[in-house]
Amino acid sequence: MTTLALIDYGAGNLHSVHNALRKAGAENAVITADADLVAKADRIVLPGVGAFRACRDALVAIPGMVEAMKEAVHRRGVPFLGVCVGMQLLADAGEEFGRHEGLGWIGGTVRLIEPADPSVKVPHMGWNDVTLRGDPPLLEAGEAYFLHSYHFDAARDADIAAVTDHGGPLVAAVARDTIIGCQFHPEKSQNYGLSFLSRFLEWRP
């Protein structure tokens, strides 16, 4: 049986993401902080809510975890999904509470949302459109639930899979090779989110 590793590093949305994965059809989703299991997994999901630095520090603090993720994703080509801050950690760096190094898997910097229209409030919270860029994997146009004050400023347009609008365009999803990340919360996005997770479970990149 294939194994989906849902990485447990203290992220606040861990169990809601796990429940959503099960509703989407994942019978094999295992919540784990075991780097050896992650290294051997057939799919990996990195959830995350809260501050970039706190999430990064918690992930790095698990012995061997980042190396296990690299082994699975970069060497074996395992499908990987980052959710919210789990997506943001893919960037080179984040600027919340100072500048902090990310995983550097997809070039970019996580920056504070600064809407062109001063009447637009931050955080970006609630339902909003997901507009595709090109023909990205897994994603469909629709509406999803967002909750974030920082956004992924991608270094390459080619890595932007979808955008949303909140006083200007913001990255809603990034994708490269077997890696995909979503800024929206699929676990809070009802049928849209469950359909997205279901496609991830079937993804053969």
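If you're wondering where the values come from, they're calculated on a predicted model, not measured in any experiment.
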Spatial distance of atom [atom1] ([X]) from atom [atom2] ([Y]) [nearest 0.5 Å]:
X      : Y      : atom1 : atom2 : answer
Ile106 : Phe152 : CD1   : CZ    : 5.5 Å
Ser149 : Glu114 : OG    : CD    : 12.0 Å
Leu170 : His151 : CG    : NE2   : 6.0 Å
Arg22  : Leu197 : CZ    : CG    : 13.5 Å
Asn28  : Arg43  : CG    : CZ    : 8.5 Å
Glu187 : Cys84  : CD    : SG    : 8.0 Å

Query raised in the report: What do the steps show when you test Lys188 against Asn13 for side-chain contact (heavy atoms from CB on, under 4.5 Å), and what is the final call?
Result: CA-CA 10 Å; Lys188 296 181 179 180; Asn13 60 342; over 6 Å; no
Is there a path of hydrophobic side-chain contacts, each under 4.5 Å between heavy atoms of I/L/V/M/F/W/Y residues, joining [Y] to [X]?
X      : Y      : value
Val66  : Val73  : yes
Ile62  : Leu46  : yes
Val78  : Tyr9   : yes
Val130 : Val174 : no
Leu201 : Phe80  : no

**Report entry** Short N-O contact, Glu140 and Arg199, less than 4.0 angstrom
**Finding:** yes
**Report entry** Asp36/Lys40 salt bridge by N-O under 4.0 Å criterion
**Finding:**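 Salt bridge absent between Lys40 and Asp36.
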Taking the side chain as everything from C-beta on, heavy atoms only, tell me whether [X] gets closer than 4.5 Å to [Y].
X      : Y      : value
His166 : Val120 : yes
Pro205 : Pro79  : yes
Val83  : Pro186 : yes
Ile180 : Trp203 : yes
Ser189 : Phe196 : no
Leu6   : Pro47  : yes
Cys182 : Leu81  : yes
Thr32  : Asp8   : no

Query raised in the report: Of all residues at least two apart in sequence or in a different chain, which pass the side-chain hydrogen bond (donor to acceptor under 3.5 Å, both in side chains) check with Asp153?
Result: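 Arg111.
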Query - Sequence-distant partners of Asn128, side-chain hydrogen bond (donor to acceptor under 3.5 Å, both in side chains), two or more places apart - result: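 By the side-chain hydrogen bond (donor to acceptor under 3.5 Å, both in side chains) rule, Asn128 matches His124, Thr164.
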Query raised in the report: Counting only heavy atoms not in Glu67, do more than 12 sit closer than 6.0 Å to its CD atom?
Result: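 Yes - once you tally the heavy atoms of other residues, nucleotides and ligands closer than 6.0 Å, there are more than 12.
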Requested in this report: Count the heavy atoms of every other residue, nucleotide or ligand shown that sit under 6.0 Å from CZ of Arg156, and state whether that count exceeds 12.
Outcome: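 Atom CZ in Arg156 is crowded, with more than 12 foreign heavy atoms closer than 6.0 Å.
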Determine whether a donor-acceptor pair (N or O, by modelled atom type, separation under 3.5 Å) exists between the side chain of [X] and the backbone of [Y].
X     : Y      : value
Asp92 : Gly107 : no
Arg76 : Ala39  : yes
His74 : Met69  : no

Query - Pair Glu96, Gln88: side-chain N/O donor-acceptor within cut-off below 3.5 Å - result: no
Query raised in the report: For Asp117 and Ser119, does a side-chain donor sit closer than 3.5 Å to a side-chain acceptor?
Result: yes
Over all atoms of both residues, closest heavy-atom pair of [X] and [Y]:
X      : Y      : value
Leu37  : Ala5   : CD2-CB, 3.9 Å
Val163 : Ile160 : CG1-CG2, 3.8 Å
Gly102 : Arg56  : N-NE, 4.5 Å

Query raised in the report: Which of these passes ring pair (Phe, Tyr, Trp, His ring centres under 6.0 Å) with Phe184: Tyr192, Trp127, Tyr145?
Result: Tyr192
Query raised in the report: Only one of Asp42, Val30, Leu21 clears side-chain contact (heavy atoms from CB on, under 4.5 Å) with Leu4; which?
Result: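 Output: one option passes, namely Leu21.
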Query raised in the report: Would a line drawn from the ring center of Phe97 to the ring center of Phe52 be shorter than 6.0 Å?
Result: no
Requested in this report: Please step through side-chain contact (heavy atoms from CB on, under 4.5 Å) for the pair Val171 and Gln183, ending with a clear verdict.
Outcome: CA-CA 7 Å; Val171 170; Gln183 183 63 66; 6.0 Å; no
